[in-house]
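Some notes on the structure that comes next.
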Amino acid sequence: MEFKKRNGGPAMGGASQAKKGKMNTEWEDSPSQFEEELALFDEMEMEAESGEGQAGHDVIPEGDLFSADLNPRWKRPHAPPLQPISDTLIFQQIDLDYYLGSAVAGMPGQVQGKVPIVRMFGVTDSGNSVCCHVHGFAPYFYVPAPNGFINAHLAEFQRELNSAVLKDMRSNKDNIAVTVLAVDITKKESMYHYHGNKPLDFLRITMAMPRLIAPAKRLLEQGFKFANFATQSYQAYEANIDFEIRFMVDSDVVGCCWIELPKGKYRLREERSEGQTVSLCQYEVDVAWNHLVSHPAEEEWQRIAPLRVLSFDIECAGRKGVFPEPEIDPVIQIASMVQRQGEKEPFIRMVFTLQSCASIVGSQILCFTQEKLLLQSWAEFVRTVDPDIITGYNIQNFDLPYLLNRAATLKVTCFLLRFIYFDLFVCVCKSQVDKLSLAPEDFIKTPTGDLFVKSSVRKGLLPEILENLLSARKRAKAELKKETDPFKKQVLDGRQLALKISANSVYGFTGAQVGKLPCLEISQSVTGFGRQMIEQTKQLVESRYTISNGYQADAKVVYGDTDSVMVKLGVATVQETMNLGKEAADWVSSHFVPPIKLEFEKVYYPYLLINKKRYAGLYFSSNAEHHDKMDCKGIETVRRDNCPLVANLINTCLQNILIDRDPDGAVAHAKEVISDLLCNRIDISQLVITKELTRTAQEYAGKQAHVELAERCVFTHSTTWSSSCPNLYCASLNPYWARAKLRLAWNENDLY
DNA sequence: CGCTCGGCCTAA
DNA sequence: TTAGTTAGGCCGAGCG
């Protein structure tokens, strides 16, 4: 479940990112509009419930344990009987992992000892939960077959490798008898480089369990001998593929896709009492890996099952100034909401509190006199609600571990919830050009001198992946256009964005030094092409858009970085600049080989170019009458290693310059701020930003810290004027702690 | 004072 | 066990 793995919330930088335990000493929020809405909601809820004969109160008297009978609506929908012989089982898979377990009778694969079993958790259209055990899939990798290797050698190779791996084991807790399940010969080509479209013999080596892949690879690479073949090193291929991923690729399963188990092709585990089932799911089934059907996420298979999402947040009674510790500080409140995927409102809002608590609008409250009962009861609540997804702000790093540790400290029995806690390119070497007798028109040389064969000779793997991604995005965009349901629209928009990001990231991982598919030639060639294209664009634009060609001004490329160029076209209005910019982009594109093209993106007016990777400007994209925003790149205003005083000052000065067109006003403002600083009229919190400062302030805890910090800041500050450049104004502050150097400099020539 | 280096953060 | 990249600006520290 990806949602659970991630840290929630915005990045705030540094160690203080970790969620703080909250103190319950003060209530700072005043009644808000949100609360009024909740009150309204509550009234409606009351009315609805009284019709069903529900209790009207929302605060449950102290001491009551949560009971599943409290509200039957909270339970997952009843699961109708399932007949594997006549019923097809279809569910959306939301989590996938594997474990080592005993083979199940009637399922394929090894029978003896522990075998790897893939486990999928999912939800049906009717909201019933499914745990599906998938049998018979084993991990494998490849090595090139040595010269002279024939089928008759397979058995000997397998036997030798098997005993080598067995001998290599330090202990054999699982009593593994067989390590190498199979070896067969297949025709394959290495993805790296072009080999003249001639697949070679590779040995596909299937192991009994995933953790045997690494030792087998190591033994083969170190030098392996069998039969009459000399000791040699075998290079392993695809030995670094995670078992889950291997399974997903081979069975066409992708994240959160829909899975179909055809009738008659799976078994239902029924006897709960005999311990057959291992999960709390309503249906627990076994299936052979080659019998499950995975549906590509297109059309109706893009829908989302009615997943149950629990979000929660805990409050601890911390000691003053100390981060709460589960061994000491009690959990005093757990607020939980549960919502079904696709519904607008949560159908459960529950607050579990220690001691009494005022009524909270919109929520039901359970009060406890003992913390132990609170935790026990909440665990029971979660089991009843049976969420598919558990989420919350940083719960993975704070709330969940805290609850588990606290429950252990208090010796709460049955707290341990059954959380799923989730336990190329052508695929050329220069020396090969002669060998494979490639004609010059068969390959191209990139700006970095690397050679790639053209797709007419052999289409690479990466172009294939990219084409698939881009065409899938095209389809998603087309569906988005005709879709009217706003919710489905969101899903489709997310899908097309994800596909775009995936396509862009293809380049990224070829540059990774340690990764699944490193290829420096590709990443360097990509950047090389980028540089070349910028250069070409500059030549083209500056040669065509000139006064002598009848244009208003000589165009000038003012700035460019990696994949973009800023052109000063010299026309009077933003609208004219947009028109000319679009025309120029199309014209330049016509000089590039498709699908490469130059796109018009935006107009900056005015544009303050401070340095490479540092500029600001008013950003116009669609409407020439109004700028969308003041865009700042790389400047103090967007950097987090400056105190707010600096960012605010620079921001105001930029507004003066760009929006008000008043550079003198900017200087005046900067002088005023410096003067305020000198006269100690600046709020110290404007200077507090660095981690060190924040920490120091916490240590002092209280006003005393502010006084001390203020004294030190004023004591250490100094100002300097630059005599050489009247437009450069500089003041440095507190060199010891806060990086608070103010700098404001511009040159009229830099303003476009 | 000027230079280089490492640390940090951003652009793309 | 776990991992996208390079280019580049600015600051502070250390050195001669």
Side-chain angles (χ1 to χ4, degrees), chain A residues 5-7 11-15 17 210-211 213-214 240-245 422-425 447-448 462 465-466 500-535 537 558-566 598-599 601-602 604 607-617 619 631-643 645-647 649-650 689-693 716-718 720 722-724 728 730-746 750:
Chain A
K5 281 184 190 162
R6 231 173 270 152
N7 287 351
M12 294 192 296
Q17 255 187 40
R211 71 172 146 88
I213 296 269
N240 62 342
I241 309 290
D242 297 330
F243 181 63
E244 297 93 329
I245 295 289
F422 12 72
D423 330 275
L424 215 142
F425 22 29
T448 45
L462 286 189
I465 293 174
L466 282 172
K500 174 186 165 177
I501 289 171
S502 304
N504 286 342
S505 72
V506 168
Y507 151 72
F509 63 71
T510 62
Q513 289 182 353
V514 182
K516 301 283 185 217
L517 205 68
C519 182
L520 249 55
E521 291 93 331
I522 289 195
S523 58
Q524 292 188 353
S525 295
V526 169
T527 49
F529 269 120
R531 275 192 294 274
Q532 202 179 60
M533 279 167 47
I534 290 192
E535 198 47 46
T537 303
V558 165
Y559 177 76
D561 185 11
T562 313
D563 61 353
S564 63
V565 282
M566 313 283 186
L598 188 71
E599 273 181 276
E601 198 175 304
K602 63 207 167 191
Y604 281 121
Y607 182 58
L608 178 66
L609 184 57
I610 296 170
N611 237 324
K612 188 132 195 226
K613 296 185 193 289
R614 311 187 111 227
Y615 59 81
Y619 181 112
D631 203 19
C632 300
K633 297 290 186 196
I635 306 177
E636 279 76 358
T637 52
V638 298
R639 291 180 64 92
R640 292 167 302 169
D641 55 351
N642 282 271
C643 67
L645 183 72
V646 175
L649 170 62
I650 300 286
I689 187 181
T690 60
K691 274 183 283 184
E692 290 77 9
L693 263 188
T716 53
H717 79 219
S718 65
T720 42
S722 167
S723 51
S724 55
L728 180 68
C730 202
S732 64
L733 163 78
N734 192 356
Y736 183 57
W737 279 326
R739 276 262 292 278
K741 194 144 195 165
L742 317 181
R743 206 194 114 188
L744 177 67
W746 72 87
D750 299 331

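Here is how names work: the chains are called A, B, and so on, in the same order as the sequence lines, proteins then strands, and each is numbered from 1. The shown structure was predicted, so the numbers you read here are calculated from the model rather than taken from an experiment.
Across all strands shown, dG4(C) forms no Watson-Crick or G-U wobble pair with both distances under 3.5 Å. The base-pairing partner of dG7(B), taking Watson-Crick or G-U wobble contacts with both distances under 3.5 Å, is dC10(C).
No side-chain heavy atom of Phe243(A) sits under 4.5 Å from any side-chain heavy atom of Arg211(A). For the pair Lys612(A)/Asp561(A), a side-chain contact is recorded, criterion being any heavy-atom separation below 4.5 Å from C-beta on.
Ile650(A) places its CD1 atom 14 Å from the C1' atom of dG9(C), with the value rounded to the nearest Å. Taking atom CG on Asp561(A) and atom P on dT5(C), their separation rounds to 18 Å, with Å as the unit. Taking atom NZ of residue Lys613(A) and atom C1' of nucleotide dC11(C), one finds them 19 Å apart after rounding to whole Å. One interatomic measurement links the two molecules: CD1 of Ile635(A) to P of dC10(C), which rounds to 10 Å at whole-angstrom precision. Taking atom CD1 on Ile241(A) and atom P on dT2(C), their separation rounds to 16 Å, with Å as the unit. Rounded to whole Å, atom P of dC11(C) lies 11 Å from atom CG of Asn611(A). Between Tyr619(A) atom OH and dA11(B) atom C1' there is a gap of 15 Å when expressed in whole angstrom units. If you take CG of Leu609(A) and P of dG8(C), they are 14 Å apart, rounded to a whole angstrom.
Every side-chain contact (heavy atoms from CB on, under 4.5 Å) that Val565(A) has, sequence neighbours left out, goes to Ile534(A), Thr537(A), Val557(A), Val567(A).
Shown here for Leu609(A) and Tyr615(A), the closest heavy-atom pair between the two residues is CD1-CB, 3.8 Å.
Within the 4.0 angstrom heavy-atom criterion, only backbone atoms of the sugar-phosphate kind lie near Lys633(A); the bases stay farther away.
Between dA11(B), dC10(C), dC9(B), one nucleotide has an atom nearer to the side chain of Arg639(A) than all others, and that is dC9(B).
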